[in-house]
Enquirer: 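Take this structure, written in structure tokens, and hold onto it; I'll ask about it next.
Letters go in sequence order (proteins before strands), and every chain restarts at 1. Not measured: the values here are computed from a predicted model.
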Protein chains: 2
Amino acid sequence: MATGRTHRPATRSRGIPEATVARLPLYLRALTALSERSVPTVSSEELAAAAGVNSAKLRKDFSYLGSYGTRGVGYDVEYLVYQISRELGLTQDWPVVIVGIGNLGAALANYGGFASRGFRVAALIDADPAMAGKPVAGIPVQHTDDLEKIIKDNGVSIGVIATPAGAAQQVCDRLVAAGVTSILNFAPTVLSVPDGVDVRKVDLSIELQILAFHEQRKAGEEAMETMPDGLPSAATTQESADKGPDGDVPAVMPA
Amino acid sequence: MATGRTHRPATRSRGIPEATVARLPLYLRALTALSERSVPTVSSEELAAAAGVNSAKLRKDFSYLGSYGTRGVGYDVEYLVYQISRELGLTQDWPVVIVGIGNLGAALANYGGFASRGFRVAALIDADPAMAGKPVAGIPVQHTDDLEKIIKDNGVSIGVIATPAGAAQQVCDRLVAAGVTSILNFAPTVLSVPDGVDVRKVDLSIELQILAFHEQRKAGEEAMETMPDGLPSAATTQESADKGPDGDVPAVMPA
DNA sequence: CCATCTTTGTGCACGCGTTCACAAAGACAT
DNA sequence: ATGTCTTTGTGAACGCGTGCACAAAGATGG
């Protein structure tokens with residue numbers, strides 16, 4: 001991820017591939033659901049179906065954590081929940097601050113999913129003096145001026161940025177300077193951070209644009225579907241791209 | 001990551017790699033900013049820096065769209081904005097419905113980023129009869145009973161699900177049955193959809209858990225830092241953080 | 001028109017992630 | 001014990017994405 005891939009191999013940090021880490025929360029959620037139904041064990045096939053992934057992939061993912069399964073039986077649900085939680089670091093408390101209490105920030109503050117997994121909203125911070133003291137989700141909003149003090153007093157290492165794009169980098173810099181080393185960014189901007197700081201981005205606009213791309217593609221294919229026996233037109237098949245990269249008419253250009 | 005989708009044969013992408021598609025919105029944003037500053041052309045190096053990616057990667061990405069650059073000069077900003085917009089399907093209007101007008105749904109409705117790129121909130125839908133008619137972000141909330149009619153009347157093909165996890169699959173099924181073929185899911189659930197329907201997931205809880213994993217790892221390494229020689233954190237301000245392959249991704253609600 | 005300089009476009013190699021397919025391991029019945 | 005059956009754990013092949021490094025293309029200046 002954002003870890004220094006630029007220079008060194010990163011010590012093969014833990015041997016757990018990034019892609020696997022990203023799926024662990026998914027498994028954990030499925031396992032938690034099973035646990036609540038008091039299901040004692042589950043096979044890789046069943047769990048994979050519940051998590052929406054390939055069973056071989058799931059087994060390989062778990063193999064990175066160790067051999068926690070029993071051949072011929074499956075995995076012990078409770079045990080696996082514990083192991084994954086521990087691996088993800090969810091057995092400890094993670095104080096989090098949310099900066100930027102607008103529509104989105106407030107929604108995040110009210111979001112119940114935080115507490116459910118060891119994440120605790122330690123503070124809400126906003127630049128608007130009028131918001132100071134006003135409670136949102138039961139937590140009084142504090143002013144940006146106190147950002148550094150809040151971070152340090154609460155030992156916060158994870159920050160959530162929900163400010164407008166223009167303020168994001170500045171807020172980011174202050175968070176990092178104050179000791180935050182992981183940032184979840186909702187502002188539509190590319191954040192620049194020093195090595196050792198992780199940034200994950202959540203961008204609604206980008207998600208929609210990606211959907212639009214596929215939607216357009218589907219619409220195009222569908223239009224061709226009315227033709228005689230819809231054989232795969234050259235324009236829609238991919239793989240060996242020996243043909244020119246622009247298999248489409250470039251249309252015109254605006255100056 | 002490419003990404004968080006549900007199933008996908010991926011065998012139908014018209015030659016443009018999924019990873020590239022996911023970056024196009026990023027380039028578009030950077031280009032739009034340049035355009036507003038009336039910058040006529042940019043080199044791959046400059047644009048790559050602005051978008052936070054490797055310049056070779058950017059050039060390769062653009063090569064999938066065609067040869068839109070001029071050697072020795074760079075890319076024409078306006079022209080590129082147009083080409084990418086067209087490729088992403090942003091030159092047309094995309095009516096979108098948001099289902100589930102709670103904290104998050106309301107925040108999404110108020111989010112300005114939608115309209116900025118051809119996405120238009122055609123309707124807000126909620127299961128609570130008490131919400132019916134109540135305006136949110138200037139748009140009256142409609143009841144779930146009319147979901148099918150709303151989808152069809154507005155020609156909606158993109159739906160946003162911001163309901164609690166328990167209702168998500170049911171809402172999803174109805175959206176798909178009514179003709180929606182692209183879904184942006186904020187509910188913490190794995191949605192099951194028929195072939196041909198794209199699902200992108202935004203899960204806040206998962207994002208935080210991934211950050212927690214790395215945070216824990218960092219804490220562990222730091223504890224060892226007093227030991228063998230030191231491979232201190234190497235470069236400090238190396239430039240922007242390099243994002244993971246999927247770059248995008250996402251966030252969410254209660255589990 | 002030729003030389004030089006800049007920047008694109010891409011061939012190539014490498015590494016990560018995914019998936020198949022199967023041997024090994026254990027449960028369970030006889 | 002022995003055999004059968006189930007399910008894990010993983011070796012190996014494959015495909016995708018990334019980034020280097022360089023030749024080709026065009027601009028620019030003499």
Enquirer: Can you figure out which of dT10(C), dG9(D), dT19(C) approaches the side chain of K57(A) most closely?
Expert: dT19(C)

Enquirer: Using a heavy-atom cut-off of 4.0 Å across all strands, would you classify F62(A) as base, sugar-phosphate, or nothing?
Expert: nothing

Enquirer: Relative to the 5' end of DNA chain D, which residue comes earlier, V73(A) or S63(A), by the nucleotide with the nearest heavy atom?
Expert: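 Between the two, 5'-proximity favours V73(A).
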
Enquirer: Do P25(A) and F213(B) touch side chain to side chain, with heavy atoms closer than 4.5 Å?
Expert: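 A side-chain contact is absent here, since even the closest heavy-atom pair is not under 4.5 Å.
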
Enquirer: Between D61(B) and T70(B), which residue's closest nucleotide on DNA chain D lies nearer the 5′ terminus?
Expert: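 Comparing both residues, the 5'-ward one is D61(B).
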
Enquirer: Expressed in angstrom and rounded to an integer, what is the separation of E18(B) atom CD from dG17(C) atom C1'?
Expert: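 Checked: the CD to C1' distance equals 16 Å.
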
Enquirer: Would you please say whether a donor-acceptor pair under 3.5 Å links the side chains of T32(B) and E36(B)?
Expert: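 Not at all, the side chains of T32(B) and E36(B) share no donor-acceptor pair under 3.5 Å.
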
Enquirer: Heavy-atom nearest nucleotide on DNA chain C for A56(A) versus R59(B): which residue maps closer to 5'?
Expert: R59(B)

Enquirer: State, to 0.1 Å, how close G15(B) and P17(B) come at their nearest heavy-atom pair, and which atoms those are.
Expert: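 Scanning both residues completely, I find the closest heavy atoms to be O-CD, 3.2 Å.
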
Enquirer: What integer distance in Å separates R23(A):CZ from dC16(C):P?
Expert: 15 Å

Enquirer: Measuring to OP1 and OP2 of dG9(C), would you say a side-chain N or O of Y75(B) lies under 4.0 angstrom away?
Expert: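 True: Y75(B) side-chain N/O within range (under 4.0 Å) of dG9(C) OP1/OP2.
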
Enquirer: Is any side-chain N or O of N54(B) closer than 4.0 Å to OP1 or OP2 of dG17(D)?
Expert: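 The answer is no; no side-chain N or O of N54(B) sits under 4.0 Å from OP1 or OP2.
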
Enquirer: With side chains defined as the heavy atoms from C-beta onward, is the minimum distance between S55(A) and R59(A) less than 4.5 Å?
Expert: yes

Enquirer: Could you state the CG-C1' distance from L65(A) to dT8(D), rounded to the nearest angstrom?
Expert: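 That distance rounds to 14 Å.
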
Enquirer: In whole angstrom, give the distance that lies between atom CG of L58(B) and atom P of dT7(C).
Expert: 14 Å

Enquirer: Are any of R71(B)'s side-chain N or O atoms less than 4.0 Å away from OP1 or OP2 of dC22(D)?
Expert: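 No, R71(B) has no side-chain N/O under 4.0 Å of OP1/OP2 on dC22(D).
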
Enquirer: Under 4.0 Å from OP1 or OP2 of dT8(D): is there any side-chain N or O of S44(A) that close?
Expert: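 Yes.
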
Enquirer: Provide, to the nearest angstrom, the distance between the CD atom belonging to E45(B) and the C1' atom belonging to dG9(C).
Expert: 14 Å

Enquirer: Report yes or no: is there a donor-acceptor pair, N or O only, under 3.5 Å between the side chain of K60(B) and the base of dG9(C)?
Expert: no

Enquirer: What integer distance in Å separates Y68(A):OH from dT7(D):C1'?
Expert: 19 Å

Enquirer: For F62(A) together with Y68(A), are the ring centres under 6.0 Å from each other?
Expert: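 Distance test on ring centres: not under 6.0 Å, no.
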
